[in-house]
Protein chains: 2
Amino acid sequence: MRADAKRNYDRLVEAAREVFREQGYDASLDEVAKRAGVGPGTLYRHFPHRDALLDAIMQSWVQRVDEAVEKTLAFEGPPRDLLLGWFQEYVQLISLHKGGPAKITSAMGDPESPIYHKCQVLRGAHDQVIAALRERNALREDVETLQVIRLVGGVATVADQSELDLAAVRPLLEVVADGLIKA
Amino acid sequence: MRADAKRNYDRLVEAAREVFREQGYDASLDEVAKRAGVGPGTLYRHFPHRDALLDAIMQSWVQRVDEAVEKTLAFEGPPRDLLLGWFQEYVQLISLHKGGPAKITSAMGDPESPIYHKCQVLRGAHDQVIAALRERNALREDVETLQVIRLVGGVATVADQSELDLAAVRPLLEVVADGLIKA
DNA sequence: TGCTAACCGGAGAGTGTCTCCGTATCGTGG
DNA sequence: CCACGATACGGAGACACTCTCCGGTTAGCA
């Protein structure tokens, strides 16, 4: 890759991160190009479609996801609180910009999605947390990872679209957690 | 209202119902106008924005919602099954076309939304079902109607966006119901 | 039948997406 | 150090969608 190409690539990712955070995932891509100081042609050569840009942005997630999992697994309290804590981390992770939760949650179960592979990191994270709870025999037996992801993703999506704050989201997550924890 | 105006109004609503069902709530409004056999100007005079069209479409809901509530309240079995049955009715009601669940769920808590008042019918329906369960002392005390709506709306939204069938949605609703029913 | 308020619908401005291709730049091999 | 080919740049523009404005038309009443 030529030096100028790499420079523009990096600028575009950075600009996209900014614009998406400010205006949501529906923001104009020309705006992204403009802010990166390049023409639209350059943007579309590097990133054939919107999702490719999202994919690049999500690179930096991996580390943060790992940290969140580690923190969760180190938790010593009751299983319900562990699960609840993880849910809150997860909701924050996927709520980086407007439209994110919906995008990610639906990509999670769609191997055709351009960001499917990135989402598998999140799925693996869930697997680890769920496995830890199973070890303590705290979880209902018939639930699958994908179901948990969809439940929490649903809450995050609603929260995103209704612009709910953490205080409003928490009781929703509690209900989900209570429904998952063994009675 | 002049006869020709009413005729066009009705045609537009019917066309919108068709187009939204086929292509989702994001479909082109010019397409709706074309299918109704009128110009875009006529469409936008009758319906200043997309939501106004949705509002008109939702007119026919009221009756169906009432029927669903009645059916639910007549149910004699255990509270969990009553709640689950209602959830399924509700998800079907708001999943008339792609994008519907998200739209409705976020409008539910936003008095500024053009379809807010229509949504209050749905809210009233939830209130009735929840009141019935409270009477049986079957529900957790600290939950509010809006929270229940958001939880089920979240599941419906995810189902809509991931194109899940009823079989995939049911276990998700079960978790929510279990989290709401008194232990 | 004739009048007028109400309605119709197409042209077009504004915005966003995405492509094509002439031009500019990089970086290597001579 | 320079020249040249490969690579990348970016703006013009085709296309799609939303929404408005206004000249022409029509319904319905007197």
Side-chain angles (χ1 to χ4, degrees), chain A residues 1-57 97-100 102-103 106-107 112-115 161, chain B residues 1-58 97-100 102-103 106-107 112-115:
Chain A
M1 192 183 233
R2 253 167 61 171
D4 53 347
K6 169 150 181 48
R7 182 168 40 81
N8 280 335
Y9 181 98
D10 291 342
R11 276 189 187 174
L12 280 165
V13 173
E14 197 46 48
R17 208 189 300 274
E18 270 183 41
V19 172
F20 286 169
R21 185 166 42 230
E22 286 170 22
Q23 305 177 26
Y25 187 59
D26 292 333
S28 159
L29 293 188
D30 277 22
E31 167 68 24
V32 172
K34 196 183 293 176
R35 200 173 301 196
V38 304
T42 302
L43 187 156
Y44 285 100
R45 196 167 346 89
H46 284 299
F47 307 98
H49 38 252
R50 189 178 291 270
D51 285 350
L53 210 39
L54 182 56
D55 188 68
I57 290 178
H97 42 73
K98 206 154 171 48
K103 194 82 204 166
S106 66
E112 302 305 310
S113 166
I115 60 169
Q161 285 163 0
Chain B
M1 190 184 239
R2 248 168 66 170
D4 53 346
K6 168 147 180 52
R7 183 166 41 81
N8 281 336
Y9 182 97
D10 291 342
R11 276 190 188 174
L12 280 165
V13 172
E14 196 47 48
R17 209 190 298 275
E18 270 183 40
V19 172
F20 285 169
R21 185 165 41 231
E22 287 170 21
Q23 304 177 27
Y25 187 59
D26 293 332
S28 160
L29 293 189
D30 277 22
E31 168 68 24
V32 172
K34 196 183 294 177
R35 201 174 300 197
V38 305
T42 302
L43 188 156
Y44 284 99
R45 193 163 354 85
H46 284 300
F47 308 98
H49 38 250
R50 188 179 291 271
D51 284 350
L53 209 39
L54 182 56
D55 189 67
I57 290 179
M58 286 171 73
H97 43 73
K98 208 156 169 48
K103 193 81 204 166
S106 68
E112 303 304 309
S113 165
I115 59 169

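Per chain, numbering begins at 1; letters A, B, ... match sequence-line order. Because the structure is predicted, anything quoted here is derived from the model rather than measured.
For A/K6 and A/D10, the salt-bridge test passes: some basic side-chain N is under 4.0 Å from an acidic carboxylate O. Salt-bridge formation is not detected for the pair B/R17/B/E22: no Lys NZ or Arg NE/NH1/NH2 atom is positioned less than 4.0 Å from an Asp or Glu carboxylate oxygen.
Donor-acceptor pairing under 3.5 Å, judged by distance alone, is absent between the side chain of A/R2 and the base of D/dA8.
Atom pair B/H49:NE2 and D/dT18:P shows a separation of 14 Å (rounding to whole Å applied). Residue A/Y9 contributes atom OH, which lies 19 Å from atom P of D/dT7 at whole-angstrom precision. With rounding to whole Å, B/Y44 atom OH is found 11 Å from D/dC17 atom P. For the pair A/D51 CG and C/dT17 P, the interatomic distance rounds to 13 Å; values are reported in whole Å. C/dC8 atom P lies 13 Å from atom NZ of B/K6, rounded to whole Å.
With D/dA6, D/dA12, C/dG9 as the choices, the nucleotide that has an atom nearest any side-chain atom of A/P40 turns out to be D/dA12. When the nucleotides C/dT17, D/dG28, D/dC9 are ranked by their closest atom to the side chain of B/A3, D/dG28 comes out on top. The side chain of B/D4 has D/dA27 as its nearest neighbour among D/dG10, C/dG9, D/dA27.
From B/D51, atom CG reaches atom NE2 of B/H49 across 5.5 Å, with rounding to the nearest 0.5 Å.
Remark on DNA chain D: of its neighbouring residues B/R50 and B/T42, the 5'-side contact belongs to B/R50, judged by nearest-heavy-atom nucleotide.
Shown for residues 19-34 of chain A: residues whose heavy atoms fall under 4.0 angstrom of DNA chain C, namely A/A27, A/S28, A/L29, A/D30.
Taking five base pairs at each end of the helix from C/dT1-D/dA30 to C/dG30-D/dC1, the local helix axes there meet at an angle of 10°, rounded to 10°.
Within the 4.5 Å cutoff, no side-chain heavy atoms of A/K98 are placed close to those of A/F20.
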